[in-house]
Amino acid sequence: KTDTKNIKDLSMMIKKMPQYQKELNKLSTHIHLAEECMKQYREGVDKLCKVEQDLAMQADQDGERLKDPMKLMVPLLIDPALRMEDRLRLILLYILSKNGITDENVNKLLQHANIAQAEKDTITNAALLGVNITTDSGRKKVWTPTRKDRQETVYHTSRWVPLIKDIMEDAIDDKLDARHFPFPSGKPTNQGYSRAPTSARYGQWHKERGQQQQFRSGPRLIIYIVGGVTYSEMRSAYEVTKDKKPWEVIIGSDQIITPDGFLSNLRQLNKPRDSA
């Protein structure tokens with residue numbers, strides 16, 4: 001009994017120590033944030049993430065090709081708890097997975113999802129980025145690079161791997177398609193015009209032994225994306241840097257894009273810029 005009492009007293013003394021209180025407060029904050037995140041996730045984000053990933057990958061979590069994408073997304077489009085921005089994003093993903101749909105079907109989707117017709121520009125403006133949205137006048141040819149078959153262990157709700165990761169790896173391995181990436185490759189383009197200027201250092205930095213002190217960190221791949229970069233693309237740069245040593249990938253842009261920010265940019269894409 002005496003030993004038990006002494007242990008309890010010691011435990012109380014430790015809990016009253018300032019260091020313990022500080023650590024406990026930190027832990028309490030993290031637990032609270034984790035609980036709030038899980039609460040949001042279980043209130044619909046889990047279902048939204050699954051459908052988004054299925055549409056982006058055009059396959060379910062078991063790798064089976066989607067047979068009826070529309071059936072998959074309809075329950076979410078009519079869910080009043082789902083934000084308009086989330087419904088718009090689902091419609092965009094569906095259209096991209098179909099390589100474009102008719103203008104009539106775009107209108108039907110907006111009506112079905114209870115989205116105002118004024119938001120139609122947010123959808124159709126994506127065509128200004130070089131993809132097929134409405135196909136009434138036919139589909140234009142869009143270059144779609146062959147994606148790598150990745151067998152990495154990932155969460156079911158984050159199966160999509162940004163295209164930029166494939167480009168980074170191909171750039172480091174000197175496997176980029178010279179027709180679409182003529183500048184770094186140093187290879188003739190055979191397009192009937194003069195050879196594009198190339199980087200003399202591309203793929204050669206690690207061979208410049210006389211400049212080892214100048215490039216002590218090893219070869220670098222620097223990527224700048226005009227129009228914005230996403231957090232997942234920045235994470236890809238970190239992953240490639242870790243997997244492709246001694247290469248270091250540096251990625252940047254004029255802005256960081258969030259899902260809502262992307263839609264906001266699309267909404268303004270066909271409107272004149274302020275003169276100010």
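Here the structure is a predicted model, which is why all the values come from computation and not from measurement. Keep in mind that the numbers below use all heavy atoms, side chains included, and drop hydrogens, waters and symmetry copies.
Of the charged side-chain nitrogens involved, at least one lies within less than 4.0 Å of a carboxylate oxygen, so that Arg147 and Asp166 count as a salt-bridged pair. A salt bridge does not link Asp46 with Arg42: every distance from a Lys NZ or Arg NE/NH1/NH2 to an Asp or Glu carboxylate oxygen is 4.0 Å or more. In summary, Lys39 and Glu35 do not engage in a salt bridge, as defined by a charged side-chain N under 4.0 Å from a carboxylate O.
Between Lys165 and Arg235 there is no side-chain heavy-atom pair separated by less than 4.5 Å.
When the shell of 6.0 Å around CG of Asn114 is examined, it contains 12 or fewer heavy atoms from other residues, nucleotides or ligands. Lys50 NZ: more than 12 foreign heavy atoms inside a 6.0 Å radius. The 12-atom threshold is not exceeded at CD of Gln111, counting heavy atoms of other residues, nucleotides or ligands nearer than 6.0 Å.
In this structure, the side chain of Tyr41 does not engage the main chain of Glu36 through any donor-acceptor pair within 3.5 Å. Side-chain atoms of Lys245 never come within 3.5 Å of backbone atoms of Thr241 as a donor-acceptor pair (strictly under, hydrogens ignored). Put simply, the side chain of Ser253 gets close to the backbone of Gly228: a donor and an acceptor are under 3.5 Å apart. Counting only distance, with no hydrogens or angles, the side chain of Asn105 and the backbone of Ile101 share no donor-acceptor pair below 3.5 Å. Of the possible polar contacts, one joining the Gln53 side chain to the Arg159 backbone as a donor-acceptor pair under 3.5 Å is found. Counting only distance, with no hydrogens or angles, the side chain of Thr135 and the backbone of Gly138 share no donor-acceptor pair below 3.5 Å. Between the side chain of Glu233 and the backbone N or O of Thr230 there is at least one donor-acceptor pair closer than 3.5 Å.
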(request) Walk me through it: do Phe181 and Asp170 pass the test side chain to side chain contact (heavy atoms under 4.5 Å, CB included)? (result) CA-CA 11 Å; Phe181 300 94; Asp170 284 346; over 6 Å; no
(request) Test Ile115 against Arg87 for side chain to side chain contact (heavy atoms under 4.5 Å, CB included), laying out the working first. (result) CA-CA 8 Å; Ile115 297 174; Arg87 282 175 274 148; 3.9 Å; yes
(message) Show, in sequence, the C-alpha distance, side-chain angles and deciding distance for Val229 and Ile257, and conclude whether the side chain to side chain contact (heavy atoms under 4.5 Å, CB included) test is met.
(response) CA-CA 6 Å; Val229 62; Ile257 295 180; over 6 Å; no
(message) Assess the residue pair Asp103 and Lys120 against the criterion (side chain to side chain contact (heavy atoms under 4.5 Å, CB included)); give the C-alpha distance rounded to whole Å, side-chain angles, the decisive distance to 0.1 Å, and a yes or no.
(response) CA-CA 10 Å; Asp103 186 69; Lys120 185 177 179 180; 2.6 Å; yes
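In this view, Glu43 satisfies the salt bridge (Lys or Arg N to Asp or Glu O under 4.0 Å) rule with no residue, not counting sequence neighbours. Residues satisfying the salt bridge (Lys or Arg N to Asp or Glu O under 4.0 Å) test with Lys244, not counting sequence neighbours, are Asp173. The side chain to side chain donor-acceptor pair (under 3.5 Å) test applied to Glu169 returns Lys148, Arg150, not counting sequence neighbours. Partners of Ser97 by side chain to side chain donor-acceptor pair (under 3.5 Å), not counting sequence neighbours: none found.
Within the structure, the side-chain hydrogen bond (donor to acceptor under 3.5 Å, both in side chains) test picks out the following pairs touching residues 60-85 (sequence neighbours left out): Gln58-Arg65, Arg83-Asp86, Arg83-Asp260. The side-chain hydrogen bond (donor to acceptor under 3.5 Å, both in side chains) pairs that include a residue from residues 136-145 are Trp143-His180, where partners are two or more places apart or lie in different chains.
Distance check: Ile222 CD1 to Ile251 CD1 gives 12.0 Å after rounding to the nearest 0.5 Å.
Taking all atoms of both residues into account, the shortest heavy-atom contact from Leu92 to Thr122 is CD1-O, 4.5 Å.
No continuous path of ILVMFWY side-chain contacts below 4.5 Å connects Trp247 to Tyr238, so the two sit in separate hydrophobic clusters. Linking ILVMFWY side-chain heavy atoms closer than 4.5 Å, directly or via other members, places Val161 and Leu93 in two distinct hydrophobic clusters.
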